[in-house]
Amino acid sequence: MMKQQKPLTKEKYLKKFSRAVRWRLPPQESEEAIADYRELIFQPERDEGKLVEELGTPAQAAHLITDVKTYRRWLAVFVVLAFGLFLQAKWLWTAGGVTFNGVRVWWNPVLVMVIGLPLSLYWFQRHGQKNGPLSRRLLITLAVVAVVGCGILCRLWQLSGVSVFDQYPGGSYGFERQVHWLNTAMMYAGVFTAFAGVTGLVLAKCRDRRWLALYILCLTVGAILGFIIFVIHAMDMTFGAPELMRTYVFSHILPVGVVGLVGTGVALC
């Protein structure tokens, strides 16, 4: 025997409806729809047990007032931006991107950022809305992502100045083990930034467009780590002195980081 589902209370109905319209509609339109339905739902004569019967489910009610073309455009933008994040994560996890004549194209993760950063800023500056003071949760999450990225870069700086022939603790085996741990850290960081970046996109749409800063910072970290891991897997003994490796890597990722930080700051404004 199937368990009968409890009818939605007026508060729960409005909460679910609010989530649906904030995802589907532009900010101003969604707030107007929420205000209209709040008045409609909380009418004294409204029977709470017949909300779904009279108004439809919250998702159905939101669908009825959705501009399909506008909603599809938003979905297309969201899919492109989210796909880029998970593509970066995939490359970090497998250390294998698209190849050209058998050579890994190291700039693929950066290319994802080149597309995602301006597209996201354009869309949310035009269609997003700020709500209230800057969220402390956003600032804390940004700090966590920044710490993860900077921690990996600091460790890379240390290891890239070491030769396997130097007196590294544990010898060449110890050095290779540290490189392995760095590689593993970047793999998991890629997954973390992908999910955190998608969360930032969803919250930028449904709550406050300044959450876009989380997406852009995660996108930047993913691009930098993707470039690094491709370089690590392409290294051979002819690369030269360790200092050349360090100079090569950091001279390439520095401009990417600067652009990403500028984009993050713009999203917070």
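The first residue in the sequence is number 1, and the count goes up from there.
Between Lys69 and Asp67 there is no salt bridge, since no side-chain N of the basic residue sits under 4.0 Å from a carboxylate O of the acidic one.
Within a 6.0 Å radius of CD in Glu54, other residues, nucleotides and ligands contribute more than 12 heavy atoms. Enclosure of atom CZ in Phe42 by more than 12 non-hydrogen atoms of other residues, nucleotides or ligands within 6.0 angstrom is indicated. When the shell of 6.0 Å around CD of Gln43 is examined, it contains more than 12 heavy atoms from other residues, nucleotides or ligands. A 6.0 Å sphere centred on NZ of Lys10 holds more than 12 heavy atoms belonging to other residues, nucleotides or ligands. Within 6.0 Å of atom NE2 in His127, more than 12 heavy atoms from other residues, nucleotides or ligands are found, so the atom counts as buried in its surroundings.
When all heavy atoms are compared, the tightest approach of Ala20 to Pro58 is CB-O, 4.4 Å. Nearest approach of Asn131 to Gln129, heavy atoms of both residues: OD1-NE2, 3.2 Å. A pairwise comparison of heavy atoms in Met186 and Ile152 identifies CG-CG2, 3.6 Å as the closest pair. Pro26 and Thr70 make their closest contact through CG-CG2, 4.4 Å (heavy atoms, listed as atom of the first residue, atom of the second, distance). When all heavy atoms are compared, the tightest approach of Tyr13 to Gly56 is OH-O, 2.6 Å.
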Full working for side-chain hydrogen bond (donor to acceptor under 3.5 Å, both in side chains) between Trp23 and Tyr71: CA-CA 9 Å; Trp23 176 253; Tyr71 181 52; 3.2 Å; yes
Test side chain to side chain contact (heavy atoms under 4.5 Å, CB included) applied to Glu32 and Leu25, step by step: CA-CA 10 Å; Glu32 291 173 356; Leu25 303 181; over 6 Å; no
Step-by-step ring-ring contact (aromatic ring centres under 6.0 Å, His included) determination, Tyr188 to Trp181: CA-CA 11 Å; Tyr188 284 100; Trp181 283 114; 9.8 Å; no
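Residues Trp91 and Asn108 are in side-chain contact: their nearest non-hydrogen atoms beyond the backbone lie under 4.5 Å apart. Leu142 has its side chain within reach of Leu268: a pair of non-hydrogen atoms, C-beta onward, lies under 4.5 Å apart. No side-chain heavy atom of Arg22 sits under 4.5 Å from any side-chain heavy atom of Arg207. Contact annotation: the side chain of Val259 approaches that of Met113 to within less than 4.5 Å [non-hydrogen atoms, C-beta and beyond]. Using a 4.5 Å cut-off on side-chain heavy atoms (C-beta onward), Pro109 and Phe230 make contact. The side-chain heavy atoms of Tyr37 and Val21, taken from C-beta on, include no pair separated by under 4.5 Å. Looking at Thr220 and Leu261, their side chains never come closer than 4.5 Å, going by heavy atoms from C-beta outward. Taking the side chain as every heavy atom from C-beta outward, Thr57 and Phe17 never approach each other to under 4.5 Å.
In this structure, the side chain of Asp208 does not engage the main chain of Lys130 through any donor-acceptor pair within 3.5 Å.
Aromatic ring centres of Tyr215 and Trp123 lie farther apart than the 6.0 Å criterion allows.
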Could you list the donor-acceptor pairs under 3.5 angstrom formed by side chains in residues 190-199, with sequence neighbours left out?
residue	atom	partner	partner atom	Å
Thr193	OG1	Ala189	O	3.0
Thr193	OG1	Gly190	O	3.0
Thr199	OG1	Phe195	O	2.9

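Summarising the geometry, atom NE2 belonging to His252 is positioned 11.5 Å from atom OG1 belonging to Thr247; distances are rounded to the nearest 0.5 Å. Going from atom CD1 of Ile224 over to atom CD of Gln88 covers 10.0 Å, rounded to the nearest 0.5 Å. Atom CZ of Arg24 and atom SG of Cys206 lie 11.5 Å apart (nearest 0.5 Å). Once rounded to the nearest 0.5 Å, the distance linking CH2 of Trp211 with CD1 of Ile216 reads 14.0 Å. Here the straight-line distance linking atom CG of Leu153 with atom CG of Leu182 works out to 9.0 Å at 0.5 Å rounding. In this structure, Leu214 CG and Leu201 CG are separated by 8.5 Å, a value rounded to the nearest 0.5 Å.
Taken together through direct or relayed side-chain contacts under 4.5 Å among Ile, Leu, Val, Met, Phe, Trp and Tyr, Phe83 and Leu225 form part of one hydrophobic cluster.
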